[in-house]
Amino acid sequence: MSVLECRGLGVRRGEAQVVHDLDLVVDAGAWVAVVGPNGAGKTSLLHGIAALTPVTGHLRLGSDDPHQLSRRALARRVALMAQQPVVPTGMTVRELVALGRTPFLRRFGTESATDRAAVQHELTRLGLATLADRPADRLSGGELQRVMLARALCQQPTLLLLDEPTSALDIGHQQSVLDLVDEQRHERGLTVLAAMHDLTLAAQYADRMVLLDRGVLVQDGPPAAVLDARQLNETYGARVDVLPRPAGPAVIPVRPVSR
Ligand SMILES: Nc1ncnc2c1ncn2[C@@H]1O[C@H](COP(=O)(O)OP(=O)(O)OP(=O)(O)O)[C@@H](O)[C@H]1O
């Protein structure tokens, strides 16, 4: 059963068509990395799927059109960890993470013991327990990124959309955060669609990669097939070597040797 189905999907931003005629079917429990150069349309695609931006064509989450679901129903199914999170002023880390429980709150917005336990659980798992009472607008970029992931996981979604989830993280936190998402995938069949610039890291976690170029899906397959040096040169204008490694291909930037 597919969790996500896009057929002939289009996304416009302002006057520009930024995603064109995109076909993508994602099965339950898969991890699909969305890669491509700056401006390729990765964020626009994720925002279209999360019903934050209008789309054209066919889009289904299971059998539902996300654009027709109520915000509450949609938030119980899909969580987006945004690339540029909005942090309300005056909110603590715990309160910001607790926003992930909003779709589960009872009438009058009261938190249950289950909601509080879910928040504490994610704070602890992401190493944020000691930051819980700090103002959320006074965190480092990497701390905030982990807070936003904790909030998304609190939603207990079926589909997790990650937009550059590790861009501000040091190498240790990159691995621990992606390991944690992968654990959720195996424990409860979470499906992951993640826009990532680090191709080597993306290849280690995703079992499938889709490559966007100027809004068009140009490659779709296992990382070893998509990460081809010639293709990457064509799409990114990058000089790279691609080395086969047991955990997935490693993409190494190559600087021409100067004389
Ligand atoms: N609100 C907007 N109004 C008009 N154009 C926009 C808007 N947001 C994005 N765009 C344009 O849409 C195109 C796709 O942008 P998008 O953010 O989806 O790309 P991306 O692949 O996520 O890029 P990056 O890797 O730089 O984050 C870009 O040309 C961008 O300038």
Side-chain angles (χ1 to χ4, degrees), residues 4 6-24 26 31-59 61 66-67 71 74 78-87 141-142 144-149 152 159-169 171 173-174 177-178 181 191-206 208-221 223 226-228 231-240 242 249 251-253:
L4 173 69
C6 309
R7 302 257 179 223
L9 195 80
V11 182
R12 288 182 75 81
R13 285 284 176 96
E15 293 302 298
Q17 186 78 31
V18 296
V19 175
H20 305 262
D21 198 19
L22 181 134
D23 291 337
L24 177 66
V26 179
W31 183 318
V32 178
V34 183
V35 299
N38 292 137
K42 303 179 295 296
T43 297
S44 303
L45 173 63
L46 297 185
H47 283 211
I49 293 168
L52 297 172
T53 300
V55 299
T56 53
H58 175 90
L59 173 62
L61 285 178
H67 291 256
R71 295 306 318 172
L74 182 60
V78 179
L80 168 72
M81 180 187 165
Q83 191 178 24
Q84 294 171 334
V86 178
V87 182
L144 180 61
Q145 219 162 19
R146 282 184 289 137
V147 169
M148 298 317 288
L149 179 61
L159 175 63
L160 179 63
L161 304 174
L162 302 173
D163 197 354
E164 291 300 331
T166 55
S167 57
L169 301 183
I171 193 163
H173 280 114
Q174 288 179 3
V177 155
L178 295 178
V181 172
T191 307
V192 183
L193 187 63
M196 291 175 71
H197 277 303
D198 186 326
L199 301 174
T200 303
L201 202 58
Q204 290 186 0
Y205 288 87
R208 180 175 159 205
M209 271 187 167
V210 295
L211 174 62
L212 296 188
D213 186 9
R214 286 162 287 181
V216 176
L217 194 158
V218 292
Q219 287 286 331
D220 180 350
V226 172
L227 297 182
D228 166 73
Q231 175 78 62
L232 297 178
N233 178 278
E234 220 169 85
T235 310
Y236 288 83
R239 296 177 306 266
V240 296
V242 180
V251 179
I252 315 289

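Counting convention: from 1, in listed order, for ligands and their atoms alike.
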What donor-acceptor contacts under 3.5 angstrom involve side-chain atoms of residues 39-47, with partners at least two apart or in another chain?
residue, atom, partner, partner atom, Å
Lys42, NZ, Gly36, O, 2.8
Lys42, NZ, Pro37, O, 3.0
Thr43, OG1, Gln83, OE1, 3.3
Thr43, OG1, Asp163, OD1, 3.4
Thr43, OG1, Asp163, OD2, 2.7
His47, ND1, Arg13, NH2, 3.4

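For ligand 1, the atoms sitting less than 4.0 Å from at least one non-hydrogen atom of Ala40 are 19 (O), 20 (P), 21 (O), numbered in the order shown with element in parentheses. Near Thr43, meaning under 4.0 Å from any of its heavy atoms, are these atoms of ligand 1: 17 (O), 18 (O), 20 (P), 22 (O). The ligand atoms of ligand 1 that sit less than 4.0 angstrom from a heavy atom of Asn38 are 23 (O), 24 (P), 25 (O), 26 (O). Residue Pro37 approaches ligand 1 through these ligand atoms, each under 4.0 Å from one of its heavy atoms: 21 (O). If you number the atoms of ligand 1 from 1 as listed, the ones under 4.0 Å from a heavy atom of Gly41 come out as 14 (C), 18 (O), 19 (O), 20 (P), 21 (O).
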Next on the checklist: Gln231 vs Val226, test: side-chain contact (heavy atoms from CB on, under 4.5 Å). Steps then yes/no.
Outcome noted: CA-CA 8 Å; Gln231 175 78 62; Val226 172; 5.9 Å; no
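Within 4.0 Å of atom 18 (O) of ligand 1, at least one protein heavy atom is present. For atom 4 (C) of ligand 1, a protein heavy-atom neighbour is found at a distance under 4.0 Å.
A distance-only check finds a donor-acceptor pair linking the side chain of Glu164 to the backbone of His197 [under 3.5 Å]. Proximity of a side-chain donor or acceptor of Gln145 to a complementary backbone N or O of Val147 within less than 3.5 Å is not detected. Looking at His67, its side chain does come within 3.5 Å of a backbone N or O of Gly48 through a donor-acceptor pair.
At a 4.0 Å cut-off, at least one heavy atom of His197 sits close enough to ligand 1 to count as contact. Using a 4.0 angstrom heavy-atom cutoff, Gly36 does not count as in contact with ligand 1.
The shortest side-chain heavy-atom distance between Leu217 and Asp23 does not fall under the 4.5 Å cut-off. Contact of the Met196 side chain with the Pro165 side chain is registered, since non-hydrogen atoms from C-beta on lie closer than 4.5 Å. Taking 4.5 Å as the limit, some side-chain heavy atom of Leu232 sits within range of a side-chain heavy atom of Leu199.
With a 4.0 Å heavy-atom cut-off, ligand 1 is reached by the side chain of Val18 but not by its N, CA, C or O. With a heavy-atom cut-off of 4.0 Å, Ala195 does not touch ligand 1 at all. The proximity of Gln83 to ligand 1, defined as any non-hydrogen pair under 4.0 Å, is limited to the side chain.
In terms of protein heavy-atom proximity, atom 21 (O) of ligand 1 is nearest to Lys42 NZ, 2.8 Å. Of the protein's non-hydrogen atoms, the one nearest atom 1 (N) of ligand 1 is Arg13 CD, 4.1 Å.
Taking each of Ser44, Ala16, Gly48 in turn, the one with a heavy atom nearest to atom 15 (O) of ligand 1 proves to be Ser44.
Partner of Leu193 under the side chain to side chain contact (heavy atoms under 4.5 Å, CB included) criterion, chosen from Val32, Leu162, Val78, Leu160: Val32.
The ring pair (Phe, Tyr, Trp, His ring centres under 6.0 Å) search around Tyr205 returns Trp31, not counting sequence neighbours.
The shortest N or O to N or O distance between Gly39 and ligand 1 is below 3.5 Å.
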